[in-house]
Amino acid sequence: MPRRIVLGIRGVGHRVIESVWRLGRASRFFMLMLLKSGISLRRFHLIIREIYFTGVLSLIIIVVSGLFVGMVLGLQGYETLQKYGSESAVGTLVALSLVRELGPVVAALLFASRAGSAITAEIGLMKATEQLAAMEMMAVDPIARVVAPRFWAGVISMPFLAAMFSAVGIFGGYLVTVVLIGVDEGSFWSQMQNAVDFRYDIVNGVIKTCVFGVAVTAIAVFEGYDAPPTAEGVSGATTRTVVTSSLAILGLDFVLTAFMFRGMS
Amino acid sequence: MQRTTMDLWVGLFVAAGIGALLVLALKVGNMGTYSAAQSYRLMGNFENIGGLKPRAPVKSAGVVVGRVVDIQFNPETFDAAVTMSIDSRYQFPKDTFASILTSGLLGEQYIGLAAGGDEIMLKSGDKIMKTNSAMVLEEMIGRFLFNKASESNGDKN
Amino acid sequence: MTSETLVEINDLNFSYDKRAILKGINMTMPRGKVIAIMGGSGCGKTTLLRLIGGAVAPSSGYVKIAGQVVHELSRDELFQMRRKMSMLFQFGALFTDLSVFDNVAFQMREHTNLPEAVIRDLVLMKLHAVGLRGAHKLMPAELSGGMARRVALARSIALDPLLIMYDEPFTGLDPISLSVIGNLIRRLTDALGMTSIVVTHDVQESLKIVDYVYFISEGVIAAHGTPEEVRDSVAPFVHQFVHGEEDGPVPFHYPANSYASDLRLGGSFA
């Protein structure tokens with residue numbers, strides 16, 4: 001019995017050391033990528049191409065999800081607020097929920113699943129088919145040429161996607177409550193405008209989005225670059241990207257919310 | 001994918017994103033009402049500010065005429081010194097009453113200004129002399145019980 | 001016949017995880033020749049290519065290319081040297097998101113400031129040399145295995161390198177493509193005066209085109225010589241390899257218990 005416990009503890013310790021070692025490798029990779037970003041910023045069309053693939057092609061899922069989330073918020077919010085006679089506050093509810101939390105977080109989660117996994121798969125496959133090695137043999141640094149443009153494209157795309165998510169969501173809430181149910185249009189917008197503060201709510205939401213964008217894209221890019229060059233390796237890396245990104249988003253969300261909304265009572 | 005078509009889509013994407021941000025900022029948030037308009041400062045001392053917070057509205061006759069800028073504790077008079085920023089379009093007479101009121105039953109607190117009849121107007125930096133503090137629930141209950149007690153005493157007598 | 005040495009490998013040792021992969025390798029490769037490195041799978045051939053290309057550093061010994069010791073070069077110097085050499089990967093390793101034209105033009109666009117008109121002409125010339133000028137608009141996914149490898153070959157000669165390394169160029173090709181690639185390797189080496197190192201285990205095809213052969217077995221050079229010497233060699237490993245014999249120094253049976261004991265014959269029950 002004691003022997004098995006010892007083995008179990010050794011296994012856990014081994015795994016922890018592996019993770020720490022991996023984290024160190026990831027940090028070094030991240031620094032290296034930042035240092036080599038000069039080329040991608042100078043040849044901006046590389047980044048533009050990647051913005052197309054990560055940002056523009058994610059638009060549909062972001063917009064549709066935003067619309068549905070906003071509509072559900074409107075419905076659920078109305079359902080509850082109406083019991084207290086405060087149904088005109090549903091605009092505030094929808095807007096604050098989206099701008100402060102749901103916009104940044106859900107958009108980031110969707111981005112991680114769609115664009116993050118695509119980035120990981122792409123880089124991983126390039127590694128598996130020796131394209132990255134070929135690039136190195138041609139004296140072209142794959143980190144500068146392949147990895148950095150995708151990173152910056154993700155960081156740039158995320159705030160726009162989250163803003164569109166929130167905007168479309170508010171519109172969805174408007175559609176459901178004002179147009180369908182019949183809540184007063186004037187109070188919908190005026191109460192919202194009174195309650196949503198630019199500096200505290202919107203800017204904080206944008207800051208959150210930028211942080212999530214950096215985290216998700218950095219994880220996606222590293223997992224792809226680090227993937228074992230086999231089919232199982234790439235598929236495992238893709239899964240890890242989505243899982244790790246999601247956990248990182250939720251964890252960072254807590255930390256950022258605690259910092260930002262501490263002062264509000 | 002031609003480079004030019006891709007550029008077009010990316011340009012549209014970025015434009016739509018900026019548009020969304022603007023919509024959020026202006027229509028949804030209250031950045032539009034952050035008046036860059038002229039304003040002047042008025043002070044007021046309150047015994048108890050209750051739940052009043054900075055950036056709370058200052059209303060007169062129910063219309064927002066300014067914002068609470070700062071709340072400080074005055075260690076000499078042991079009360080709260082509140083600084084308000086009032087829109088320059090609105091002048092108030094010297095004997096204006098400043099009260100801390102609550103919007104609705106459980107809403108946020110704001111300062112309500114009730115104009116007096118004095119001919120001299122308040123200038124920037126002036127202090128509103130007549131103030132009413134916020135209602136604190138415990139004091140009201142205490143007063144109510146005290147009144148009730150003295151009533152029943154009076155009945156006995 | 002130039003005998004100037006381009007690549008010199010001296011007492012090269014390489015170990016990975018305490019396992020010795022290459023032990024005491026000595027090779028000299030002159031300019032303008034095609035040299036084959038042969039051996040069974042996993043004998044260290046690909047590692048040797050990576051050592052020559054500077055992707056990994058040796059445990060001891062050195063590789064010199066044109067007089068420069070590879071693993072002592074700084075990162076910039078290494079990148080400079082890599083512009084003078086190319087590698088043809090086993091399955092081509094074409095960039096899947098670029099067309100055939102863009103693949104061949106890649107190095108020219110990255111490393112030179114040539115105007116697009118000049119690049120266009122150069123790319124078409126390189127593609128013409130491998131016979132695929134008409135395919136320049138296709139994407140790698142639309143190419144067959146042989147065509148992909150030819151495009152990769154065109155890409156390798158884009159900047160007229162001094163040295164090309166071929167990692168298993170004959171693997172998985174049909175007979176026509178086999179002979180096409182083989183002839184291309186020979187013709188381009190002669191035409192451009194460069195050195196070609198071909199790592200392969202396709203004996204028939206390579207012996208037709210190479211000038212010199214090195215055999216690697218278990219990390220050391222088992223034999224070396226001209227194609228004729230190799231064909232006539234009586235060294236057991238070389239003989240087994242060249243004539244494709246089932247059994248010899250490389251055994252047919254993976255090490256196991258005796259057959260009888262595995263089938264539980266001869267009186268040993270349960």
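Please read all numbers here as calculations on a predicted model, not as lab measurements. Residue numbering restarts at 1 for every chain, and letters A, B, ... go by the order of the sequence lines.
- The side chain to side chain contact (heavy atoms under 4.5 Å, CB included) test with A:P104 is passed by exactly one of A:T209, A:L252, A:I249, A:N204: A:T209.
- At a 4.5 Å heavy-atom cutoff, the contact between B:V14 and chain A is made by backbone and side-chain atoms alike.
- Although no hydrogens or angles enter the test, the distance criterion places no donor-acceptor pair under 3.5 Å between the side chain of B:K127 and the main chain of B:N45.
- When heavy atoms are compared at a cutoff of 4.5 Å, A:I48 approaches chain B by way of both its backbone and its side chain.
- For A:V203, no part sits under 4.5 Å from any heavy atom of chain B, backbone or side chain.
- Looking at A:M71 and A:F171, their side chains never come closer than 4.5 Å, going by heavy atoms from C-beta outward.
- Across every non-hydrogen atom of A:I170 and A:V94, the tightest pair is CA-CG1, 4.1 Å.
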Tabulate below the donor-acceptor pairs under 3.5 Å that side-chain atoms of residues 111-126 of chain B make, not counting sequence neighbours, or state none.
| residue | atom | partner | partner atom | Å |
| --- | --- | --- | --- | --- |
| B:D118 | OD1 | B:I120 | N | 3.1 |
| B:S124 | OG | B:R41 | N | 3.4 |
| B:D126 | OD2 | B:K123 | N | 2.7 |

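- Shortest non-hydrogen contact noted between A:V176 and A:G74 is CG1-C, 4.3 Å.
- Using a 4.5 Å cut-off between heavy atoms, B:I18 contacts chain A through both its backbone and its side chain.
- Ring geometry for A:W189 against A:Y174 counts as tilted: the plane angle lies between 30° and 60°, on a 0 to 90° scale.
- Scanning residues 144-163 of chain A against chain B with a 4.5 Å non-hydrogen threshold yields A:S157, A:F160, A:L161, A:A163, sorted by number.
- Side-chain contact between A:L102 and A:L73 is present, with heavy atoms from C-beta onward closer than 4.5 Å.
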